[in-house]
Every structure is written in C-alpha cells, then in structure tokens.
S.K.: 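Sharing a structure with you now.
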Amino acid sequence: MLDPCEPWRIIAITFTNKAADELKDRLEKSLGPEARDVWAMTFHSACARILRRDIDRLGYGRDFTIYDTTDSGSLIKRILKEFDLDDKTYNHRSILGEISRSKDAMIGPEEYCAAAAKSGDPRRRNYGRVYQEYEKRMQSANAVDFDDLILLTVRLLKEQPDVLDYYQRRFRYVLIDEYQDTNNLQYELSALLAGGRNNICVVGDDDQSIYRFRGATIENILSFEKQYKNARVIRLEQNYRSTGHILEAANAVIANNRGRKGKNLWTDRGSGNVPQLYIAGDERDEAQYVAGKILAGVSGGENFRDHAVLYRMNAQSNQLEFAFKRNGIPYRVIGGTRFFDRAEIKDVLAYLCVLANPSDEIRLARIVNQPPRGIGQTSLEAVQRLAEENGVSSYVIMSQAGEYPELSRAAVRLRAFTAMLDELRGMETEMTLPELYDEVLRRTGYTAMLEAKLTDENQTRLENVNELKTNILTYIKENPEGGLKGFLDEISLYTDIDSLDRTQDCVAMMTMHAAKGLEFDTVFIVGAEEGVFPGSRSIGEPEEMEEERRLCYVAMTRARKNLYFVCARHRMLFGRTVSGRPSRFVDEIPAEHIRRPSETGFSFGGETDLWDARPEGPTAGYGSGYGSGYGQRRTYGGGRAPGRSDYRESYLQPAAQKTRKKEPLPQAPKESASFSVGDRVRHKAFGEGTVVSIQPTGSDALMEIEFESAGRKRLMRNTASAFMKKI
DNA sequence: CGCACCACAATTTTT
DNA sequence: TTGTGGTGCG
C-alpha cells in the first residue's frame, strides 16, 4: 500500500459478465464510488469499448454491429447457398468453427486461401472462398463477430502505435481472471496491454481448463512464467470450500493428468462425508435416486437450493425434471436454450438493430417479412441481388424499390416497410428507449401478430418480449444517457440473464461446464458412465480425456459437504438404449474416499440413508426390482458386464415408462397420506411429533414437524408418508 | 405464401 | 427421443 494506484489505471478482464459484475460489486464495496473508474469487464466488452473509439482506422464504421453466432451462421448459410455448395459436406457450423480457429490463429482469408490453394484440397479451397466472402459481407454490413472483437483490437493495437501507446500508458495494472481459459487472441491482447511494463497479474487454475474445445489453450498458463521472467507465482492450495474426503477424491482424480503443473489442495474443514457412488438401473432410476436423496436431505433440514445436479449434456436434464416434478421438488435448469436465442427476442432485437444500422443485412432479412407483410423469398432475393450489383445495402434498394422494374410487384410493400423503419428511426431522438421499444412493437405489428393467435406458445413469446422491456428499463436506469446503440451493444455482449438466482429455494440443474465457479453443499454428478462422462468422443483421445478429467475435477470441487456419483447401467440416449460401466473417474478415486454400492450403508436411522433404507417407496416403479437390487450386488464393482438375463429384465422397463411419460405429469401417488397442521404423527426414524406447518410445493408439500426427541424437521409429505403415520 | 410433414442430427459454451 | 430445418403441397 505504499503507492496507492489510481483506479482508472487498472484493467481487470474476466470471461463472463457475471464475473465482471461481481468484481465491480466487490470493488465498489471496498473502494467506494472511485471503483467505477476501474475497467472491470469481459474481454469482449473491453474490446468493444476500444473499438468504438478507433475502429475507423481499420476501415469499419464506429457504429458497427456485433453479430452473435447465430447471425454469423445465417450469413454462412446464405453464402453456401449462393456458392452452390451442398450443405452436407459444408455445414455451416464446421465452417464457422474453421473461421473462428483461423481468426484465433490470426490467419486472414487471403492467407487461408493461399494455404488452401497450395494444399490442393478442394474442401479447404471452398472453406477459403466462404471465409473470404464472409469477411467481405461482414464488412459491408459493418458487422463484427465475437472473434473479430478481439482480433480487430489486437490488430488495432499492433498496427497503430499511438493507440497502443495510449492504452499502455493508461493501464499500468493488467489483471486477467481465469487465465487458463484464454485463447491465442486473448493471450495476445493481454500481452499487448501489459506492454513494456509487464505489470500483469493473472489468476487461473490449469486443472480447471475446460474450454479447450473453444480455443482455450492451457499452454498460456503453463508457460506464463517463461513468458514473464520475473513473475512471482503464488500458489493457493488451501481450499475453503470442500471437506476432506471430497478434496482427496478430487485430487486423486486430477492426479491422473499429465499436462499440468501439479498441486495438492488441502483443507482444514475436517474430513466430512465420503463421496458416494450409486449404480442405477436406468436413467429414470437414476433420477429417482437423486430425487430421493434430495427429499431426504430436505427432510433433514436442508434447503433445496443447497443441492445441485450436474450432468455432461443438457439432454440429460429430462428424466431428472420428470422425477423432480413427480416428487414436487422445485428446480431450476440453468443454461440450455438461452433467452436471447429465442426467435421472438431475436426478431425484436433485429428490428432495433436495423434501426441502429440499416446495413445490417442479416437482421434485415430476418424481419422483412416477420410479421408477414407480403415480402417473400423471391422479392428478398431480388433485392439482395440488386444490392450486390449496385454496391449498396438492401435497405437502400428497398427504399427505392419503385425504380427497379424487377421489384414492381413488391415495390409498394418494400417502400412501406422502409418508410415505417425510417419513421421509427426518426422517433429515436424524441422518445425514451422504452417508449421507442413499445412503438416498434406496435408499428411493426409484432405484438399484434402474437396476439392474433393466442396459443400457449405465443403467450410465452409475448411474455418474453415483455421481459426484454425489463432489460431495457434496467439498462436505462443504469445508463441514463445511454441510447439505442448503447443498449444493443450491451445486450449483444450480455447473454447471461438466465443465471442462477440464489434467493429462490430451488435445486439447481446444469451442465458441469455451467457449474464452474459455483458451489453447493450437495452435488450430484449424474451420468457417470463411460460413454457419457467421459463422453464417447473423448475415449481414445488422450488430450480430450484429460479435458474430461479436468471437467470432473471442476464438478467434484463444486461440492462443499456431500458428493454423489450416479450412473445408470442402461440409458436411453438419442433414442437408443446404451449400456455402460461406471466412469473411469470413479475408479480413480481411492477406496477410502468413495463409498461404492456394495458398501452402501443399509443401517436404518442414518438420516441421509433414509432413502436407501426405505422398505418400499411411495413412488411406484422405483425400488421394485432393479434399482434397489443393485445396491446390494457385488458383481457390479467387479467390473463385469451384467448377465444377459439381468439385462432383459431392465430392458423391459422403458416400455412401461413410455405410457407414463405421455400422461400430463405423473401426479404424486394417491396413497400418500394427508396430514394437517396439529396432527400427531409417529415417524420411523424421528419418533413422535406434531405437524407445525404445511406448505404445498407442486404435487407435494413441505411439512414442518416438531418431533419430541429429534427436534424440528422439514419433511416432504410424499416421502415422509412412507415412514410416518398419524396417531 | 403459409403450413404441414418428414428427414436428419445429436457434447460441452462465452461472448 | 427430441428438436430443427428443408421441401412440397394446398
């Protein structure tokens, strides 16, 4: 603290907005309002900010728009069509990936094409053609994609010494969070910003690098010390989150990786509970097991929100959701389809984008006939052709549609369309953003279109469109003088509104990737089978496998107190039933740090073992035969696949499920007794008590019971009724 | 031009 | 199994 530094001399870069916001919050709490001068933001927003200032030096307009992956994808699709490349061999996703990789390696389209020509590979040549065209179109639409934000900033700093100088002088302290997740471009950018001063501080954990697939290169952190010779390395090996067994188990798993610096976490929080493995018959059983454990936990006084279920793929969430609904467990799925990916949101935003930047071809094409206004594919293509020929944007052609005979049929409608947008654009100055938004919804007829056919789906869409307005209001509140462009900038880089709301008492469900940075008392890692986790794609690929193992490490270390691995012997995956053995990661845990099914306690009375101990469940199907049967079987741990006859038995199960699933939602079993406040009850484990309160939760209810000897407990009615009766 | 039906594919994800 | 995207018909 000898030399307090001015906050504006600091740039702190994170990957997610959430992390950036948290950082800002904490800074503000400890520094006060001065903290606002710190540039605490994501790579992308920092770059956007730098580019807004000087991108014109690279031949773009300063009011550039940012395309997200979907927008870029549409552009690629359009190019593919025009080039007459069949989209089976050339699917837009792989091209997008190729372009992204090229940009990360700072290989421009020309260079790419040159290399492709030399290689003689026709496929790569075509990739090059598409890449080139993509760049051309992006520039004429004055649009940049996510990679461009960083790439162009790096280029700007490299090509314009005075700009580089400006930022290097300004930022005397450069901090980068989650350094293990940086890709090449981000690495370049960090190095440029840190400049001659080398005053850079990075935070990261090589064992938590789980984004290799999107270009992150673990070498960045592994070679940091080489990069910056005088770097001081501070190792943070004390873990303040997990208890001993969990930590030891995680350490043991990650120790199997070769490409790492190596560390050993320790804790002083005691050894805690031993992680547990459960082998379920199928994914339904798996889900029911998790549900049961959660109910047992809640019965023991925990909150739903202390539990998280982590899986490898989003598709796995389905059965869990069914089980949770069936058991009246409130839950929240994090991730999956994001708010800003919804069609209606994209539509409405597209209108706003076109208002801000009429050259935005992709967004224009999206909205021109949405809602339908009689401008079809043919007209649109004619417009686009004319735009190409005349070297102007489609928007210009549309507004002068009358001058082109080939557009005669749609001319009136095209002109009306642009006239409407022009008018809306004119309103921008005289009304607030929320007002403008309403006006857009009204004038374009978007709301009317949804209201015309008020299906459930459209109802949701309307709600989403309204939800977007909330975003606008929030934005205006935080940026009183911010305009349309500012909002769009923020929104295109902010996709994160679906993040976890810890105030609601819900079980959290998410992919292991999404769980990074979070923590829960109890964590379930489901689908812990070979082929699922680690995924079949990574088996036989050492590098990939190490990444999966890191993912496992991340997932395990999310748990504070309880960790469960759950796997299924048979699983319906993509419409096919596959069988797998438990994940190798589980095998990597030394016996003393994991409890396998054969050793699973069946002693009645242990609170967390209520479910295992339960003689028969209130939920039909579970516990009958398969799932619970495996609890006692030793054969499984031995590693041999189940006998065929066993297999058959379980195999028949899914058929029965099918009908079940079709029903609206399997309601809570009827036989679960009803209780009312004041009832005297006797519980098998807790003894006698009195019902204090009952709170309905979905098909179930949360009851609070004051037990004479066991004290006050919170129990879920459906589960508890198996152990408890009125007296 | 809109809607319905069929084929096909399918980790992980931030920005 | 599920969701999406493309094609073909009314």
Side-chain angles (χ1 to χ4, degrees), chain A residues 13-20 41-48 66-74 77 81 86-88 91-93 97 100 144-150 178 181-183 185-186 209-216 283 310-319 334-338 340-341 343 369-380 409-410 413 453 489-496 498-499 510-517 527 531-539 544 547-548 550-552 554-555 571-578 654 657-658 661-662:
Chain A
I13 304 183
T14 63
F15 274 85
T16 64
N17 293 300
K18 201 173 136 217
M41 48 182 100
T42 64
F43 271 105
H44 296 267
S45 39
C47 288
I66 301 167
Y67 274 9
D68 70 14
T69 321
T70 322
D71 300 322
S72 301
S74 326
K77 271 193 252 172
K81 207 172 221 171
D86 121 80
D87 50 359
K88 271 176 198 137
N91 87 326
H92 69 277
R93 277 182 80 184
S100 180
V144 301
D145 63 26
F146 289 136
D147 295 311
D148 287 335
L149 282 171
I150 318 236
E178 304 276 21
D181 287 336
T182 49
N183 64 21
L185 281 177
Q186 289 156 339
S209 166
I210 53 175
Y211 287 112
R212 205 174 78 108
F213 69 90
R214 67 183 197 209
E283 71 275 18
L310 308 183
Y311 35 77
R312 184 64 236 271
M313 309 174 271
N314 284 118
Q316 287 174 257
S317 71
N318 254 307
Q319 280 301 321
I334 319 286
T337 318
R338 282 188 296 279
F340 288 94
D341 285 337
N369 204 31
Q370 184 73 6
R373 38 177 82 85
I375 304 170
Q377 198 60 38
T378 330
S379 312
L380 183 61
R409 210 175 316 162
R413 281 164 290 190
K453 211 170 92 193
D489 228 22
E490 172 130 329
I491 220 87
S492 53
L493 295 174
Y494 215 116
T495 52
D496 194 27
D498 239 342
S499 59
M510 67 192 97
T511 63
M512 299 182 208
H513 283 91
K516 192 162 132 199
V532 177
F533 183 51
S536 47
R537 277 181 166 75
S538 52
I539 292 172
E544 296 289 320
E547 174 121 333
E548 295 281 293
R550 289 193 291 269
L551 185 57
C552 186
V554 168
R571 178 184 301 275
M572 186 81 101
L573 211 56
F574 303 136
R576 204 163 288 279
T577 303
V578 294
Q657 270 171 49
K658 218 178 194 169
K661 244 184 89 176
K662 281 266 140 75

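Each chain gets a letter, A, B and so on, in the order its sequence line appears, and its residues count up from 1. Keep in mind that what you see is a predicted model, and the values were worked out from it rather than measured.
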S.K.: Go through dT1(C), dG5(C), dT13(B) for me and flag the one nearest to the M572(A) side chain.
M.R.: dT1(C)
S.K.: So do R373(A) and P371(A) actually touch side chain to side chain, heavy atoms under 4.5 Å?
M.R.: yes
S.K.: Where does dT11(B) fall, syn or anti, if syn means a chi angle no more than 90° from 0?
M.R.: syn
S.K.: Could you work out which one of dT13(B), dT15(B), dG2(B) sits closest to the side chain of N369(A)?
M.R.: dG2(B)
S.K.: In whole angstroms, how far is the P atom of dG5(C) from the CD atom of Q377(A)?
M.R.: 15 Å
S.K.: Using a heavy-atom cut-off of under 4.0 Å over every strand shown, decide if T69(A) touches base, sugar-phosphate, or nothing.
M.R.: base
S.K.: Quick one: is N318(A) getting a side-chain N or O under 4.0 Å of the dT2(C) phosphate, OP1 or OP2?
M.R.: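 False: N318(A) side-chain N/O out of range (4.0 Å or more) of dT2(C) OP1/OP2.
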S.K.: Under 3.5 Å, side chain of T577(A) to main-chain N/O of L573(A), donor-acceptor pair present?
M.R.: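 Judged by distance alone, no pair lies under 3.5 Å.
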S.K.: Rounded to whole Å, how long is the line connecting atom CE of M510(A) with atom C1' of dT12(B)?
M.R.: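 Atom-to-atom, M510(A) to dT12(B), this comes out as 14 Å.
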S.K.: Rounding to an integer number of Å, can you tell me how far Y311(A) OH sits from dT13(B) P?
M.R.: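 Result: 9 Å.
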S.K.: Answer with base, sugar-phosphate or nothing: what part of the nucleic acid does L310(A) contact at a heavy-atom distance below 4.0 Å?
M.R.: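 No contact.
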S.K.: Once each nucleotide of nucleotides 6-11 of chain B is scored for protein heavy atoms under 4.0 Å, what B/S/- sequence comes out, 5' to 3'?
M.R.: ----BB
S.K.: Just how far, in rounded Å, is C1' of dT14(B) from CG of D68(A)?
M.R.: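 That distance rounds to 12 Å.
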S.K.: For the pair S538(A) (side chain) and P534(A) (backbone), establish whether a donor and an acceptor sit closer than 3.5 Å, ignoring hydrogens and angles.
M.R.: no
S.K.: Hey, are the side chains of H513(A) and F213(A) touching, using non-hydrogen atoms and a 4.5 Å cut-off?
M.R.: yes
S.K.: Is R214(A) salt-bridged to D147(A), cutoff N-O under 4.0 Å?
M.R.: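 No, this pair does not count.
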S.K.: When you compare dT12(B) with dG5(C), how far apart are their P atoms, in angstrom units rounded to a whole number?
M.R.: 16 Å
S.K.: Would you call the rings of F146(A) and H44(A) parallel, tilted or perpendicular if under 30° counts as parallel and over 60° as perpendicular?
M.R.: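 F146(A) and H44(A): perpendicular rings.
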S.K.: Please tell me if the side chains of Q316(A) and F533(A) come closer than 4.5 Å, counting only heavy atoms from C-beta onward.
M.R.: no
S.K.: Can you check the L551(A) CG to dT13(B) C1' distance for me, whole Å?
M.R.: 12 Å
S.K.: Which residue lies toward the 5' end of DNA chain B, F15(A) or R413(A), if each is placed at its nearest nucleotide?
M.R.: R413(A)
S.K.: What is the distance, to the nearest angstrom, from the CG atom on D341(A) to the P atom on dT15(B)?
M.R.: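 The answer, rounded to whole Å, is 12 Å.
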S.K.: So which protein nitrogen or oxygen atoms get under 3.5 Å of nucleotides 8-10 of chain C's nitrogens or oxygens?
M.R.:
none

S.K.: Excluding sequence neighbours, so at least two apart, what forms side chain to side chain donor-acceptor pair (under 3.5 Å) with S45(A)?
M.R.: T42(A)
S.K.: For I491(A) and dT14(B), what is the distance between atoms CD1 and P respectively, to the nearest whole Å?
M.R.: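 Atom-to-atom, I491(A) to dT14(B), this comes out as 16 Å.
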S.K.: Would you kindly compare H513(A) and T378(A) by the position of their nearest DNA chain B nucleotide and give the one closer to the 5′ end?
M.R.: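 It is T378(A), whose closest nucleotide lies nearer the 5' terminus.
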S.K.: Separation of K18(A) atom NZ from dT14(B) atom C1', in whole Å?
M.R.: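 Whole-Å distance recorded here is 12 Å.
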S.K.: Side-chain contact, heavy-atom cut-off 4.5 Å: F43(A) with T14(A)?
M.R.: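 No, every pair of side-chain atoms sits at 4.5 Å or beyond.
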S.K.: Between F340(A) and D68(A), is there a side-chain heavy-atom distance shorter than 4.5 Å?
M.R.: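 No, every pair of side-chain atoms sits at 4.5 Å or beyond.
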S.K.: Taking atom C1' in both dT11(B) and dG6(C), compute the distance separating them and give it to the nearest angstrom.
M.R.: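 After rounding to an integer number of Å, I get 25 Å for this pair.
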